[in-house]
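Keep in mind the model is a prediction, meaning the values are calculated, not measured.
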Amino acid sequence: MNIKNLLSTMLLSAAMALQASAYTVTTVPEAPQWEVDWSYDQARPDWQEPATENFENWTVALVEVEDALKPYASADDLMAFFVDDELRGMAAPATIVGDSNSDATTFLLKVWGNESVDETVNVTLKYYCSRLNHIFSLTENYTVGEELGIDDDFIPPFTLGSSKYPVVTSVDATSALAAAGIKPAAGDMVAAFVGDECRGVSQWSKEEGGFPEFDVYQREEGESFTLMYYDAKNKGITTGVAGVAAAAGAEAPAYTITGLRVTALRKGLMIVGGKKVMVK
């Protein structure tokens, strides 16, 4: 190893030691039950059925609630379809007659309109979850004539349109833990926290060889968070690991060394917190 590489290795090791000193490890008797709290404080919306006499055409949309929200689904939920803020269709959960396993996670909507086939319109799908007092909303462009949920399942990712957490950041936990000198294994978990509030969870994946990128739900742009890591083998929870943004188009991955922020765009020998640090 030449002098340059030796110096780089020594500086990087020193930086890792600085980081590790900020972490705490707590032994726990069992795996933690980390999950995002989706409960909110929104009132039931006063959505009204559209005046069908004002429209010439209609189509059908079959919408299914995503897995993360299914435990909270109930017969009091509502689904509504809007075009440019105008309500075009709404429904309560559909039930299958004679099916004792039928739940409240599927909605069959009749959506009205005057648009022509192949015309592109701006649509918003809103889901009100009664048990959570929470309205989830997703807006996309839609080409008139495309079927929604008839031949293929239509499962909108409503957790990306939360009123409570309007900002979503994809996080590369594997890189964050590697920067902290942690090598996860099967059975391990990682979660993002803002204070004591869990904002996202990921399980170790054999296929990924680590943690898949996962979503962290934030109340505002730039809200800081840290990671908590559960070591299944040693039954320990490590706290204080800095998060690493990984979403396409998001800010560059960032590391925290002695309390200062260093982006991955700034590589090479740097002075961080009064210390020489090599950022590869």
Side-chain angles (χ1 to χ4, degrees), residues 33-50 52 58-83 85-113 121-143 145-168 170 189 191-192 197-203 205 212-218:
Q33 300 298 311
W34 290 330
E35 60 181 10
V36 177
D37 177 11
W38 293 108
S39 62
Y40 203 29
D41 59 2
Q42 292 176 294
R44 183 180 182 84
D46 186 25
W47 293 329
Q48 301 295 320
E49 291 280 0
T52 58
W58 59 270
T59 189
V60 171
L62 189 62
V63 186
E64 185 176 341
V65 175
E66 66 179 299
D67 288 345
L69 298 178
K70 281 185 176 181
Y72 313 105
S74 75
D76 295 323
D77 294 352
L78 293 173
M79 188 76 66
F81 194 102
F82 294 79
V83 176
D85 296 325
E86 181 184 23
L87 195 150
R88 297 291 188 87
M90 60 177 289
T95 57
I96 302 174
V97 177
D99 184 356
S100 59
N101 295 319
S102 180
D103 55 22
T105 62
T106 303
F107 296 79
L108 183 63
L109 293 84
K110 193 171 186 178
V111 181
W112 297 84
V121 294
N122 187 257
V123 305
T124 299
L125 193 62
K126 295 186 178 184
Y127 168 53
Y128 170 68
C129 182
S130 177
R131 287 177 177 166
L132 295 174
N133 298 311
H134 198 156
I135 298 173
F136 298 85
S137 177
L138 292 173
T139 299
E140 295 286 348
N141 287 330
Y142 165 70
T143 301
E146 290 184 356
E147 294 183 339
L148 296 176
I150 304 304
D151 292 329
D152 298 302
D153 292 338
F154 180 44
I155 309 174
F158 280 115
T159 50
L160 299 183
S162 162
S163 299
K164 183 178 182 180
Y165 305 118
V167 179
V168 181
S170 184
M189 292 190 296
E197 186 179 7
C198 179
R199 297 293 187 84
V201 183
S202 182
Q203 302 276 349
S205 167
E213 293 178 7
F214 70 103
D215 293 325
V216 174
Y217 305 94
Q218 299 159 285

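In this structure, the separation between OG1 on T159 and CD on E66 is 3.5 Å, given to the nearest 0.5 Å. Rounded to the nearest 0.5 angstrom, L132 CG and Y72 OH are separated by 6.5 Å. Of the inter-residue distances, the one linking L108 atom CG with I150 atom CD1 reads 7.0 Å to the nearest 0.5 angstrom. Taking OG from S130 and CD from Q42, the interatomic distance works out to 12.5 Å, rounded to the nearest 0.5 Å. Distance check: D77 CG to R131 CZ gives 8.0 Å after rounding to the nearest 0.5 Å. Between atom CG of residue D215 and atom CZ of residue R199 there is a gap of 13.5 Å, rounded to the nearest 0.5 Å.
Checked by atom type and distance alone, the side chain of R88 never pairs as donor or acceptor with a backbone atom of V123 at under 3.5 Å. Judged purely by atom type and a 3.5 angstrom limit, T106 has no side-chain atom pairing as donor or acceptor with the backbone of A94. Judged purely by atom type and a 3.5 angstrom limit, E64 has no side-chain atom pairing as donor or acceptor with the backbone of D153.
Between L78 and M90, the closest side-chain pair of non-hydrogen atoms falls below 4.5 Å. Contact annotation: the side chain of V63 never approaches that of L148 to less than 4.5 Å [non-hydrogen atoms, C-beta and beyond]. Side-chain contact between P45 and I135: present, with at least one pair of heavy atoms (C-beta onward) separated by less than 4.5 Å. In this structure the side chain of F107 never reaches within 4.5 angstrom of the side chain of L125, judged on heavy atoms. Between S163 and H134, some side-chain heavy-atom pair lies under the 4.5 Å cut-off. Annotation: side chain of F158 is in contact with side chain of L138 (closest heavy-atom distance under 4.5 Å).
The environment of E146 atom CD is dense: over 12 non-hydrogen atoms of other residues, nucleotides or ligands sit within 6.0 angstrom.
Closest of all the heavy-atom pairs between Y128 and N133 is OH-OD1, 3.8 Å. Contact record, Q48 with L87: O-CD2, 3.5 Å, taken as the closest heavy-atom pair. When all heavy atoms of P50 and W112 are compared, the pair lying nearest together is CG-CD1, 4.1 Å. Here the closest non-hydrogen pair linking A75 and A104 is N-CB, 3.8 Å. Closest approach of V111 to A61, counting heavy atoms only: CG2-CB, 4.4 Å. Of all non-hydrogen atoms in P93 and S74, the two that sit nearest each other are CG-O, 3.4 Å.
Aromatic pair W38/Y165: ring centres closer than 6.0 Å.
Using the six-membered ring where Trp is involved, F82 and W47 have ring planes that are perpendicular, over 60° apart on the 30 and 60° scheme. The aromatic rings of Y127 and F136 lie parallel to each other, with less than 30° between the two planes, well short of the 60° mark.
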Q: Could you walk me through whether K110 and T52 pass side-chain contact (heavy atoms from CB on, under 4.5 Å), step by step?
A: CA-CA 10 Å; K110 193 171 186 178; T52 58; over 6 Å; no
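No cation-pi contact links K164 to Y217, judged by a cut-off of 6.0 Å to the six-membered ring centre and 45° from its axis.
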